[in-house]
Amino acid sequence: MGTASSLVNPGEVIEDTYGGGGGEACEIPVEVKPKARLLRSSFRRGPRVIGASFKSTASVDLEYAAEYERLKKEYEIFRVSKNNEIASMQKKEVKLDEENKRLRAELQALQKTYQKILREKESAVEAKYQAMDRAAAFEHDRDKVKRQFKIFRETKEKEIQDLLRAKRDLEAKFQRLQAQGIQVFDPGESDSDDNGTELTVPGAQCEYWTSGTLGSEPSMGSMMQLQQSFRGPEFAHSSIDVEGPFANVNRDDWDAAVASLLQVTPLFSQSLWSNTVRCYLMNTADTQAEVDIFLKGYSNKLQKLCETLGYLFQVVSFPEECESQYFAVRKWEIEKSSIVILFVSSTMPSWLQEDFEEAFLKNTEAKPRIIYHKVQDDWAESDNLKWLLEQDNNKSNKTKIIDHRGDPSEGAHETYCQLEQIIKQDLLGIEISVPDAKNDTAVHEEDDFGDVLWDMHDEQEQMEAFQQASHSVCELGFEKYYDRLNDLVTAPAPIPPLLISGGPGSGKSLLLSKWIKLQQKHSPNTLMLYHFVGRPMSSSSEPSLIIKRLTLKLMQHSWSVSSLSMDPAKFLEEFPHWLEKLSIRYQGNIIIIIDSIDQIQQAEKHMKWLIDPLPVNVRVIVSVNVETCPQAWRLWPTLHLDPLNSKDVKSLINTECTEASVTLTKEQEKRLEKLCRSATTCNALFVTLIAKLLSWAGTTGKIGEILQLCLQCQDTISLYRLVLHSVQEVMSGPKEKELMREILCLISVSHNGISECELMELCPGLTWPILTFLVYQLHKMVLLKYSCGLLQFQHLQAWDAVNLEYMQGGQNIVSEYRERLIKHFATQLSLDRVTWRSADELTWLYQRQGDKEKLHRCLMNLFVSQNLYKRGHFAELLSYWQLVGKDKISMASEYFDALKQYEKGCEGEEMMTSLADLYETLGRFLKDLGLLSQAVTPLQRSLEIRETALDPDHPSVAQSLHQLAGVYVQSKKFGNAEQLYKQALEISENAYGSEHLGVARELDALAVLYQKQNKFEQAEQLRKKSLKIRQKAARRKGSMYGFALLRRRALQLEELTLGKDTSDNARTLNELGVLYYLQNNLEAAEMFLKRSLEMRERVLGADHPDCAQSLNNMAALYNEKKQYDKAEELYERALDIRRRALSPDHPSLAYTVKHLAVLYKRKGKLDKAVPLYELAVEIRQKSFGPKHPSVATALVNLAVLYSQMKKQVEALPLYEKAMKIYEDSLGRMHPRVGETLKNLAVLRYEEGDFERAAELYKRAMEIKEIETSVLGAKAPSGHSSSGGETYSVQNNLPINPFPE
């Protein structure tokens, strides 16, 4: 058998018999090598044929070959096509690569261009900022140059004025010598300078700027007016009249009254100016039931009453078992107490009689006292008690006796009612009003400074700091320093601040406070602004509060009510402007004193205004410690306090020991003198502490032991630690010693100190006898003091000594005591008892502990934030939120959400009113943050609530309208703001009347709005009307603290006048009558002025000048009551006495002449008024010289009188002469010149000389426009009369008779 290939010839075509290829002809290759795939596929083509012949097998092989060829051909076709596709794709890839390279190149070029543009933009922005910085620097330099030039000009003008004044004095002496017949040879004699002028500049000591004895000048705005000085009774104001603490005070100049009052406030005891109501209880054993009921049932009510008004309330009592102890402590507590209550039935034990004599019989300050007399049915009054009650001199007016028979609870309630009335009326100064006025307090709180928020406790703290700093038993040789300080005041400007340096405890605060008192006594026209900085991190060292307080003081004295930004960063920017503004208007010097300025946080940053030139009449004095004085300030003029010499050391120690009846041996004195020679031991504080320790040791018989321990102390801190050890030794047991440590540690870790009531709650087991004994000892040893009713350390060294002695555990023990305080105040918050104490302390404690979460929760207490904000602690509130990590927007959102949540639970009028207050507070807070759009919503909601819950005409609605209008003003929506202001004005006038401070506030707001719209005439009219209201309100109410202090001073003077007839008592009665006059209590004023006059006539005689003063004051009183006939008679009597007793040019004579002339004019007796006005001209010419502006004023007044009498011919030369004097002395563009030009224009108009009248009137308007542009119409002109009445001559002159 052969192979299959041998059966077929090469190239032969075989037909497929199976039809698998469809009859396709296949070329059989020479050699076939089939693959397994082909063979396997061939077997699967069909069923296997059994028994097939050899020929059929060969046919199958041929079929497979054909299939192979077909597949191969397809493969070749596929391969060629794919190769073609690959080639095409490669060509496309090449093209895409080329396109990609091109695009990459373009992208790189664009990136380079972008980088170039970005660099150019950054360069442009940087150049813009540099240009802005250069512009700001240029503006600052320009303002600085302007101020320097202004100061230079004012300095030179003042020098010229001083030279002219000296020239006048010499000329007057020359004339007196010639009048005496003495010939004086002058080698340089020539014709006198008849055209010599005087120059009077703002701030100069010139009579017409204030309510001097000769009166003030005509004010801008009236056509023709006859001007008199301010109305009001006289105080002593000349060398003839008795000098006193109320010199130069009159009714329309309230600032002078308050300033003079500050001269006598050191005479007040602490209880009169403390913000703590201390109630001292004494009782016998049979009245213990009433005392227990009173303490349990009514003490908390009185505490809430006082807390609502920002006062602390404390009830102090000693149990009967302490009768033989604590006598000195009880005496000290009675001296401190505001009111004493005695619960008595039949007889009093001996120890209670001692307290009774101290509290009632030695009550020289006439403090309120209450005697609860329990009357029993079978009781007969003992002779001892009857005698004691008869000995009480104050029983008729200051001692209230409650005779009660019956149930003890009723007696306790009756005592509570009496005590509540005394607290409200006598201690807190709250007038009993009708129920409808119950919400007036909220309105009145902000009236003193318009919309500016302020904390009364900060001002109270400064008053107390001044009182305590000035307390010393020895002057320590300060006379040499007084001369240096006085030289600063009189030195020519400009002058940098004076730096008082010294070591800790060297007496810097004592020196400044003593000098302030001397200045207030001898220079009543000097405005003293002082601030005593306490320990670091306290409220008194907060820079924003310091600058804000000084700014508000400037606003208060300038009668300005302009809005003040609450932003702490703007205080620094605005303060120099306020200082410059007041310096222009104030007639005397302005002295700013800041004690311990180096304790202020970032002092150089916040006090950089000290580096700029100060106004010509402003002086600044600051004190620093030598070690902590900033380097930049060391170049200022410095007054360094020298160490105490041996004489001062000996004097200080002997004075203290003498008071304690302690005598030192010569050897002990030598050892002390040797000790006090080093730099750390020869300061005032160290020597004072040694003297206190020796005095205290003398009472215990341990002088030698204490002296030996003192000799081992080489600095003040170690001496304070010795004080702590000494006081701790006298504590009765370990429990009392531990309580002492706790009390001092709690005071140390607090923010502003701790009150005694808070200590009673914080320290379990603490009783009033223990606490008062400890405080008495530590206060006596110059370690603790009271400030705003809180216990604080007197000096920083005392604080350091306590920390070294008791806080050695480091931060852990500090945190432990802070947590105790936090727990205490947090408990108060949980009981919805939010006070100024909890708001101040709790937030600060959380901040110091770094507990952001709890601080955030505390800030979200709406009443805590409201308390901080309404008391002006805006910067402090912002710092807390910054610590929490919230920005303005999120802060506003959280407050708003919390308010909406709180609103859901509000029901009833009281809660809705409180809700409206919260919404208003939030709106004002957001406005101060600059979030004007967010501020509108809460203010609108506050308005809606008040209109719904109260009444659409309620005064609180006016408050909401006012605040909402303020937001619209800042948003430049003047139309909306004007409408709201007018609505608020209408509501206020309907609710309070047209002369209320609320009305004045709306008038001021409208004036500011018109000013922004360039409506100057309307703004000026509203400002004048507002100023008049505020001056009248000041007479009724006074400044923030002036009224309360004057009232207390009046009560004190009233008690001092119960003695025999003396000239001093008559003078006191006169002052008392004037004080009641200032309080608008004319009936009481008349009674005391009459008593003064009667006493003076009996003691001094009817023709004494003091009687003329009383007659003048009585006449002023009747003039105020419109009883002109009585006033005329008294003025004539006073004038007759003064003409005979005083020189023709005496100021008191001029005072009476002027007021009598005004009275004659008011009654139509013009013929009688003429010679008096002529006499006033003559007096002024003799007093000031013929070229003085005051002479021009008198000439204008006389000319106005002639005009009213239709004597234009006589009036014309007087006007012209007055205008000539004004132009020569004040300048051609001075407001006085403009006022006289107006009067001349009216006179010319009435004569028919219309052309000349038009020229004069046009020039007057030009002067007024210049004045408006200079002052910005932000405050009334300081040149115009701020008080008194003005009298206009009625004429037929049209409103605008001259064409433009």
Checklist line | Under the side chain to side chain contact (heavy atoms under 4.5 Å, CB included) test, residues paired with Ala359 that sit two or more places apart | finding: Met282, Ile334, Val340, Arg369

Checklist line | Test salt bridge (charged side-chain N to carboxylate O under 4.0 Å, His left out) applied to Lys692 - qualifying residues, sequence neighbours left out | finding: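 Partners of Lys692 under the salt bridge (charged side-chain N to carboxylate O under 4.0 Å, His left out) test: Glu656.
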
Note to self: Run the salt bridge (charged side-chain N to carboxylate O under 4.0 Å, His left out) test against Glu736 and tell me which residues pass, sequence neighbours left out.
What the structure shows: none

Item checked: Distance-minimising heavy-atom pair for Glu742 and Cys763 -> OE1-SG, 3.9 Å

Checklist line | Contacts of Tyr298 that satisfy ring pair (Phe, Tyr, Trp, His ring centres under 6.0 Å) - sequence neighbours left out | finding: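 Tyr298: ring pair (Phe, Tyr, Trp, His ring centres under 6.0 Å) contacts with His413, Tyr416.
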
Check: Can you list the steps and then say if Phe313 with Ile423 is a side-chain contact (heavy atoms from CB on, under 4.5 Å)?
Finding: CA-CA 10 Å; Phe313 178 78; Ile423 290 176; 4.0 Å; yes

Check: Roughly how far apart are Ser538 OG and Phe793 CZ, rounded to 0.5 Å?
Finding: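 Between atom OG of Ser538 and atom CZ of Phe793 there are 13.0 Å.
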
Note to self: As an exercise, state the distance from OH of Tyr806 to SG of Cys745, rounded to the nearest 0.5 Å.
What the structure shows: 7.5 Å

For residues 749-757, run the donor-acceptor check on the side chains, cut-off 3.5 Å, and write out each pair with its distance to 0.1 Å, sequence neighbours left out.
from   : atom 1 : to     : atom 2 : distance (Å)
Ser750 : OG     : Ile747 : O      : 2.8
Ser750 : OG     : Gly753 : N      : 3.1
His751 : NE2    : Met537 : O      : 3.1
Asn752 : OD1    : Ser539 : N      : 3.1
Asn752 : OD1    : Ser539 : OG     : 3.4
Asn752 : ND2    : Ser539 : OG     : 3.1
Ser755 : OG     : Glu758 : N      : 3.2
Ser755 : OG     : Glu758 : OE1    : 3.3
Glu756 : OE1    : Arg278 : NH1    : 2.5
Glu756 : OE1    : Arg278 : NH2    : 3.3
Glu756 : OE1    : Gln314 : NE2    : 2.8
Glu756 : OE1    : Tyr786 : OH     : 3.4
Glu756 : OE2    : Tyr786 : OH     : 3.0

Check: Where do Leu842 and Val864 land on the side-chain contact (heavy atoms from CB on, under 4.5 Å) test, with the steps shown first?
Finding: CA-CA 9 Å; Leu842 194 56; Val864 170; over 6 Å; no

Next item on the list: Kindly state each residue pair satisfying salt bridge (Lys or Arg N to Asp or Glu O under 4.0 Å) with at least one member in residues 303-314, sequence neighbours excluded.
Entry: Glu307-Arg833

Notebook entry, point to check: Counting only N and O atoms by type, is there a donor-acceptor contact under 3.5 Å from the side chain of Thr843 to the main-chain atoms of Ala839?
Noted result: yes

Check: What do you reckon, is NZ of Lys331 surrounded by more than 12 foreign heavy atoms closer than 6.0 Å?
Finding: no

